[in-house]
Every structure is written in structure tokens, then in C-alpha cells.
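Okay, so here's the structure we're looking at.
Here is the naming used below: chain letters follow the sequence lines, and residue numbers restart at 1 for every chain.
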Protein chains: 2
Amino acid sequence: MNHALKWLGLAAGVFCSTAFAADSEALRERALNNFGVIPTEAPEIKGNKLTEEKVELGKMLFFEPRLSSSHIISCNTCHNVGMGGHDYLPVSIGHGWQKGPRNSPTVLNAVFNAAQFWDGRAADLAEQAKGPVQAGVEMSSTPARVEATLKSMPDYVRRFEASFPSEENPVSFDNMAAAIEAFEATLITPDAPFDQFLRGQDDALNQQEKEGLALFMDKGCAGCHGGVNFGGQNYFPFGLVSRPGADVLPPGDKGRFAVTDTVSDEYVFRAAPLRNIELTAPYFHSGAVWSLEEAVSLMGTAQLGTELNEKEVADISAFLRTLTGKTPEVVYPQLPPSTDETPRPVDTVQYE
Amino acid sequence: MNHALKWLGLAAGVFCSTAFAADSEALRERALNNFGVIPTEAPEIKGNKLTEEKVELGKMLFFEPRLSSSHIISCNTCHNVGMGGHDYLPVSIGHGWQKGPRNSPTVLNAVFNAAQFWDGRAADLAEQAKGPVQAGVEMSSTPARVEATLKSMPDYVRRFEASFPSEENPVSFDNMAAAIEAFEATLITPDAPFDQFLRGQDDALNQQEKEGLALFMDKGCAGCHGGVNFGGQNYFPFGLVSRPGADVLPPGDKGRFAVTDTVSDEYVFRAAPLRNIELTAPYFHSGAVWSLEEAVSLMGTAQLGTELNEKEVADISAFLRTLTGKTPEVVYPQLPPSTDETPRPVDTVQYE
């Protein structure tokens with residue numbers, strides 16, 4: 001290479017990196033407008049102050065299999081904090097080895113969702129927590145059984161008293177849910193590469209990931225998957241433009257229709273929050289799709305009416321993988337021993 | 001109270017406390033002879049050096065539900081480190097909601113047992129770990145499936161290479177077991193009140209607990225439940241003197257007979273290790289007895305031919321509760337995401 005060419009190369013390099021820096025700045029600006037900055041601390045929850053005692057109690061309850069009537073299923077069974085806050089299953093397995101109706105959503109960053117469950121039928125995490133505990137196909141317990149269980153262990157009674165100090169009846173099903181909500185509010189992942197990029201670190205995303213981010217906004221994905229959790233804020237028909245097959249969208253599950261009883265809510269679901277999407281295959285409420293690339297491509301046709309080409313799918317997927325954050329450290333809680341008053345596990349039928 | 005009486009009282013107090021101190025010394029001496037001092041660090045394991053990498057890998061595998069073909073059962077499901085290392089069930093529930101044949105033994109201090117399982121059929125924890133992974137009623141997987149699963153995730157491959165550096169084929173079913181053994185060897189509880197007493201702290205046990213300890217040795221309990229783990233060293237017929245009823249000793253489970261095929265091993269089981277017994281109800285291989293007092297009383301008649309009176313049962317039980325130690329802190333491991341190569345969970349039959 002002669003000198004002239006070398007200088008030309010260097011100049012081009014400088015130009016490019018300046019151009020990229022300018023690109024990064026513009027991209028960051030757009031991304032900030034679309035998504036905003038995720039809080040780095042657990043957000044405040046109206047009517048449920050997060051105290052140290054309550055968060056610790058909530059952690060114990062989150063890992064407490066005796067909240068299920070079989071004594072083997074805890075919140076963590078399907079929302080595993082070591083596996084992206086879910087269970088890597090199409091649909092979860094619960095009491096009596098029954099399958100649940102829908103894919104288990106991640107508990108990570110769930111506090112940022114406008115409502116809980118795929119159909120938004122619970123307004124918040126406390127309301128959500130009461131569902132699976134009672135669902136026959138999940139933990140199959142009852143509020144009365146849960147309260148009897150918790151009241152049977154002096155350590156739990158003390159901890160409920162310390163967590164709900166001004167209450168007359170601190171050991172209650174409602175307070176179980178409030179404590180679990182308090183713990184879950186701490187399960188946020190605000191330090192993904194994307195977040196580092198938003199905070200000004202240009203090289204936190206590589207060129208492909210930046211192009212993927214731009215595409216994610218240009219193509220319209222961010223229209224439904226906006227906000228700090230990249231979704232979880234609103235409801236949309238699955239198959240807005242073109243309805244996918246029955247394998248992905250089983251006709252029996254009409255989504256939010258079951259909540260609102262309104263025809264226009266047929267096959268309407270909450271836009272899935274996409275943080276840590278790399279860790280939460282298989283995808284969709286049906287859990288029918290294992291590949292992130294396939295899911296992205298399917299969203300293009302079903303929701304946007306766009307055939308994304310191979311490079312676009314790869315770029316968007318690469319970008320989505322920059323939403324993988326670090327799950328907060330969770331020290332396994334020590335649960336108190338059962339006592340003579342603790343309800344025994346239900347006599348479980350053996351299926352053969 | 002007049003002065004003379006006061007002095008008399010004081011003198012008696014001094015005398016008593018000296019007498020108790022002397023008693024404590026003698027009791028400690030006897031206890032040291034019967035049980036020895038539990039190590040405060042994970043013991044060395046022949047042929048399986050405990051490195052930091054291997055222990056951490058073993059912890060991941062211990063919590064890894066993808067070692068089961070359903071992807072919902074991990075070692076921790078039945079040997080819960082937050083619940084005394086077991087599951088508070090008579091017998092565990094496994095694949096397809098099947099019940100296991102025997103009560104799940106605690107993983108805590110299991111490294112100190114001479115052999116593993118109720119019938120001692122595994123020589124060590126590594127051999128043990130291979131059992132449940134393959135058992136149809138437990139995790140229902142195969143060595144080939146496990147190896148394919150682990151090889152599908154680059155993070156596991158790197159960790160196996162770091163844990164078994166000189167080996168040609170580090171990601172193997174055998175090494176999975178070795179890593180789990182390494183982690184389990186760290187699950188020891190050497191700081192129970194009893195251990196503090198052995199180390200010279202007289203008031204670590206109260207008077208009733210000391211009397212219980214003396215009775216435990218006087219009555220012959222320590223004959224089978226000796227050594228640092230208070231059992232786990234040898235095999236004895238259940239019902240040495242008087243066979244308990246079929247509810248506690250189901251006739252279909254002949255214990256060690258199935259291992260040795262020797263008639264004299266009918267209904268022979270490994271003496272259960274008693275550390276953390278307070279945390280491991282229900283008791284016996286059948287898991288038929290929930291009350292510690294009832295279990296102690298039953299052992300008196302069945303094994304010693306002694307009707308322990310109510311006070312003796314209470315004292316021995318109080319002493320046994322001083323064997324409850326502090327489970328080591330376990331930070332929940334972050335497991336790598338499944339990849340396209342990871343074997344999918346088996347299509348699970350739904351039982352209705």
C-alpha cells in the first residue's frame with residue numbers, strides 16, 4: 001500500500017468513526033424516545049412499601065413449595081430466577097402433572113408491565129400472585145390452606161408481623177401476595193448492553209446490533225413493544241395483519257376476550273415484554289416457536305404485514321439479544337420447618 | 001428470706017453450677033467418643049478434587065431442571081437446600097407425577113455417610129447422583145440425553161473444560177456426577193448447638209438437651225446413630241427387636257435385600273443420619289411418621305426393645321433438635337440459555 005492510499009484509508013476511518021458516532025447519537029435519541037430509561041432500582045409500588053423485611057419474606061414465599069397443596073411447586077418452579085425468570089417449556093407443568101394453558105411469562109422486570117398475565121387479567125403483581133397459587137392446574141391450593149400453612153410456622157408469623165407492622169391480621173393471603181410482589185419488584189435487569197448504550201456507551205452495541213435497533217423502530221416493532229420493558233403496556237390482536245396457523249395461535253384460546261367478553265378482544269394479547277427474550281424461549285402465549293429468528297420473522301408477517309428478509313431478521317434478533325441483562329443475585333432463602341400444625345401435602349394420586 | 005438462707009442458696013448455686021460444669025465435661029467426653037467432631041470444611045473426596053470451578057459447576061447442575069426429560073425436576077426439587085436438604089414429603093413426586101418408592105434423604109452432610117441411599121446401593125455421592133437422573137419415576141433422563149443437553153450450551157462446555165482440564169472428553173455423564181458430588185460436599189452444617197457444646201461451650205445445650213444427649217447414649221441410640229453424622233455408617237434391620245406395622249415398614253420394600261440378595265438383609269436399612277432431623281420430617285424410609293417424638297418412641301420399641309417414657313422421649317427429641325445447623329449460603333446459579341441444539345422437553349402426557 002502506498003502512502004497516499006494509507007492516508008486515504010486513515011481519513012476514511014476517521015470519517016467513518018465520526019459518522020458512526022453521529023449515527024449512534026441519533027440512534028440513541030430515537031431509542032430514548034421509544035423506550036425511555038429503565039430504573040436501576042426497584043420502583044415504588046403504590047400501597048405496598050418495599051421494606052427489607054417484606055422483600056426477604058417475599059423471597060421466602062416465592063421459593064415456598066408448601067404454598068402448593070402438593071408441596072412441590074413454588075413460584076420459582078415456573079418463574080425460575082436462574083433461567084431468565086421462566087421455565088423453558090411451551091406451557092408449564094403443574095399439579096398432577098397437568099399442563100397449563102399458556103406459556104409462563106418471565107418474572108424479570110414484570111413489575112414494569114401495565115398489567116399481568118398474557119391477557120392482562122391481573123392489575124398488578126400482587127393480584128397475579130394469587131392466581132397460580134389457587135389454579136387447579138398450577139399450585140392447586142386455597143387461601144385458607146395457605147393461611148393455615150403460614151400460621152403454623154412461628155418464623156413466618158414473626159416475619160409477617162415485621163413486614164405488616166400496623167395490621168391486625170398480618171398473616172393473610174393478601175399479604176402473602178403483597179410480599180411476593182415486593183420481592184418480584186426487585187427482579188429487574190437494568191444493565192443490559194442496550195442500557196449501557198442508552199447511557200452513552202457507543203460500543204456497547206456493535207454495528208449489526210445498532211442496525212437491528214434502527215430496524216426495530218423503522219419497521220414498527222416498537223409500536224407495540226415500546227417503553228422500558230419493550231412491551232407489556234398494551235393489547236393487540238395476534239395476527240393484526242395475517243393470522244398465524246393453529247400451531248402458534250390455537251383457536252381455543254381467545255386471549256383477552258375471556259377477560260372483557262368483547263368480540264373485538266378475540267385473539268387479543270398483551271404485547272410480550274422483550275427484555276431477556278434470549279432467555280425465554282419458546283415464544284408466544286402458545287410457546288410454539290423455539291427460535292428467536294423464527295419468532296421475529298413471524299411477527300413481521302402477522303403483525304406488520306412485512307416479509308422481513310434474512311438480514312433484517314438476523315439484525316433485529318441480534319439487537320434483541322442486547323436486551324439480556326444480569327439477574328440480581330438471589331441467595332436461596334432458608335424456609336422454616338413444618339410443624340405439627342402445618343397442613344400435610346395432599347395425598348397425591350399416582351398416575352400409572 | 002434471712003441472711004443464712006440467702007447464703008445457703010448462693011452456696012447451693014455455686015455448688016450446682018460447678019457440678020453441672022463437671023457434668024458437662026464428662027458428657028462432652030462421652031459425646032466426643034461416640035460422635036467425634038464434624039469437619040468445618042468440605043472434606044476431601046478421593047479422586048475428585050474440589051476446585052472452585054467444579055463446585056460452581058456442580059451447583060449449576062444441582063439446580064438444572066434440564067437434566068430431567070420434562071425440564072421441571074432438578075436435584076433441588078427433592079433435596080431442597082432451603083428446606084433442610086429434602087422436600088417435606090413422605091415420598092417424593094417425580095416424572096409424570098409418579099411417587100418415588102422411598103422418602104428423600106437430606107443432601108446436607110450426606111458426604112459424611114459411608115454410602116448413599118436408604119439401602120446403601122451407591123458407594124458415594126457421584127454414583128448416587130446418576131440414579132435419580134435416570135430413574136423413570138424421578139428425572140427420567142438418560143446419559144446420552146444429559147450429555148447432549150450439556151454439550152448444546154457453550155457456557156456449560158467451557159465450565160466442564162475448566163473443571164476437568166486434563167480430560168479429553170470433559171462433558172460427560174460421569175463428570176456431571178463428579179461436579180454435583182463436589183458441590184454437595186460443601187453442603188455441611190458444622191455449627192449446630194451440639195457442635196458448639198462439643199467445642200467447649202457449656203451453655204450451648206440447656207439442661208434438658210444435655211439429659212437428652214446422655215439418654216441418647218445410655219439407651220443405646222448412639223450404637224447405630226454414631227459418628228459425626230449421627231448415623232449413615234452402617235446397616236441394621238428395621239425392627240431389630242419388634243417389627244413396626246406395615247404403615248411404617250411396608251412389607252414390599254425389603255431394603256438392602258434388593259442390593260445384596262441375602263436373606264439376612266431383609267428389611268435392613270442404613271441407619272438414618274440424624275443431623276438436622278428437626279428439618280427432615282416425615283421420618284423413616286417410608287416417610288410414615290411426621291412427629292419427631294413419635295419417631296423416637298418407635299425407635300425405642302422397634303430397635304432397642306425399650307418403652308421410653310414421655311420425659312425420655314421429650315428429652316431425646318430436645319437433644320436431637322440441637323443437631324440443627326446452618327445451611328451454607330447458596331447463591332442461586334444463573335443457568336445458560338437453551339440453544340437450538342438443546343433437546344426439547346419430552347412431550348409430556350397430560351393426565352386427567
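Highest contact tally toward chain A, considering only B:Thr339, B:Asp87, B:Thr77, B:Leu89, is held by B:Leu89 [criterion: heavy-atom pairs under 4.5 Å]. Options B:Glu64, B:Met60, B:Arg344, B:Arg66 differ in how many heavy-atom pairs under 4.5 Å they form with chain A, and the most are formed by B:Arg344. The residue among B:Leu292, B:Val331, B:Asp340 with the most heavy atom pairs within less than 4.5 Å of chain A is B:Val331. With chain A as partner, the option from B:Thr342, B:Val81, B:Thr280, B:Thr324 having the largest number of non-hydrogen pairs under 4.5 angstrom is B:Val81.
Here the CD atom belonging to B:Glu278 is positioned 11.0 Å from the OG atom belonging to A:Ser338, to the nearest 0.5 angstrom. For the atom pair A:Asn80 CG and B:Phe63 CZ, the distance stands at 9.0 Å (nearest 0.5 Å). Note that the CE atom of A:Met83 and the OG atom of B:Ser74 stand 9.0 Å from one another [nearest 0.5 Å].
For A:Ile73, the part lying near chain B is the side chain, with the backbone staying farther off; criterion is any non-hydrogen pair under 4.5 Å. Contact annotation for A:Pro65: only side-chain heavy atoms (C-beta onward) come within less than 4.5 Å of a heavy atom of chain B. Of the two parts of A:Pro282, neither the backbone nor the side chain holds a non-hydrogen atom closer than 4.5 Å to a non-hydrogen atom of chain B.
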Is there a side chain to side chain contact (heavy atoms under 4.5 Å, CB included) between B:Ile72 and A:Tyr88 once you walk through the steps?
CA-CA 9 Å; B:Ile72 74 157; A:Tyr88 285 118; over 6 Å; no

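For the pair B:Lys326/A:Gln334, no side-chain contact is recorded, criterion being any heavy-atom separation below 4.5 Å from C-beta on. A 4.5 Å side-chain heavy-atom check between B:Tyr332 and A:Glu329 finds every atom pair outside the cut-off. Considering only heavy atoms from C-beta on, A:Gln98 stays 4.5 Å or farther from B:Trp97 through its side chain.
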